[in-house]
Amino acid sequence: MSRVKAAHKVERGPDDGRTLVRLGSDDARVELSRTECWKLYELLGTNAPFVRSELAAARHGGSAGVTLTTTNDRTAVLAALTGRLSDGLGQLKQALQDYPA
């Protein structure tokens, strides 16, 4: 089973920091840019409110990161990741698909 442990470097603007997204309590993690965090926030709509709160904090300069603690959170994020995705979001989708249920 493959695990994504670090994100591919994505071109970003000078204020576009990186946010670590952890998949549960496992070592699986992916880095997203602030832009990717905001895109995921928008894709989630009203689903996964705790994850959306963490994404909003990351977008506005927070450094705590995002943790997909519950199966419901991971399922909601995976369902939202459709269509053409940036490198970071694509890696997150792949990590979620590989993550044990």
Side-chain angles (χ1 to χ4, degrees):
M1 176 182 319
S2 72
R3 302 280 171 120
V4 177
K5 296 226 181 205
H8 175 65
K9 296 294 179 195
V10 179
E11 214 170 296
R12 59 187 192 253
D15 66 336
D16 201 14
R18 309 297 292 171
T19 297
L20 189 65
V21 178
R22 291 174 188 84
L23 308 183
S25 60
D26 201 9
D27 276 345
R29 58 189 182 267
V30 175
E31 285 185 1
L32 298 179
S33 69
R34 286 186 190 154
T35 302
E36 290 169 325
C37 285
W38 195 246
K39 180 65 177 173
L40 180 54
Y41 177 92
E42 291 173 335
L43 290 170
L44 283 169
T46 59
N47 296 317
F50 184 74
V51 174
R52 284 174 44 90
S53 176
E54 289 182 326
L55 290 166
R59 169 70 173 153
H60 295 291
S63 60
V66 176
T67 303
L68 305 179
T69 307
T70 68
T71 301
N72 287 342
D73 287 344
R74 290 187 295 275
T75 300
V77 170
L78 183 57
L81 294 173
T82 61
R84 187 176 175 148
L85 300 170
S86 63
D87 287 346
L89 291 176
Q91 289 179 8
L92 179 57
K93 180 178 183 175
Q94 184 62 51
L96 286 167
Q97 289 171 331
D98 292 345
Y99 194 81

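Reckoned from all heavy atoms, side chains included, excluding hydrogens, waters and symmetry mates. If you read the sequence from its start, that first residue is 1, and numbering goes on from there.
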Are any of the side-chain heavy atoms of Asn72 and Asn47 separated by less than 4.5 Å?
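When only atoms from C-beta onward are counted, Asn47 and Asn72 do not touch, as no gap falls below 4.5 Å.
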
Leu68 side chain reached by Leu96 side chain, heavy atoms, under 4.5 Å:
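Leu96 reaches Leu68 side chain to side chain.
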
Does the pair Val21 and Leu40 meet the rule for a side-chain contact (heavy atoms from CB on, under 4.5 Å), with working shown?
CA-CA 11 Å; Val21 178; Leu40 180 54; 5.8 Å; no

Treating [X] as the side-chain partner and [Y] as the backbone partner, does any N or O pair qualify as donor plus acceptor under 3.5 Å?
X: Arg22; Y: Val66; value: no
X: Arg34; Y: His60; value: no
X: Glu31; Y: Arg18; value: no
X: Tyr99; Y: Leu23; value: yes

Minimal non-hydrogen separation, [X] against [Y], with atom names:
X: Ala58; Y: Thr19; result: CB-OG1, 3.4 Å
X: Ser86; Y: Glu36; result: OG-OE2, 2.7 Å
X: Ala95; Y: Val30; result: CB-CG2, 4.0 Å

Gap between atom CG of Leu55 and atom CZ of Phe50 - 0.5 Å precision
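Reported value, rounded in 0.5 Å steps: 10.5 Å.
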
Output all residues satisfying side-chain contact (heavy atoms from CB on, under 4.5 Å) with Ala48, sequence neighbours left out; order by chain, then residue number.
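If we apply the side-chain contact (heavy atoms from CB on, under 4.5 Å) test to Ala48, skipping adjacent residues, the hits are Leu44, Val51, Asp73, Ala76.
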
Run the side-chain contact (heavy atoms from CB on, under 4.5 Å) test against Leu85 and tell me which residues pass, sequence neighbours left out.
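Leu85: side-chain contact (heavy atoms from CB on, under 4.5 Å) contacts with Leu81, Leu89, Lys93.
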
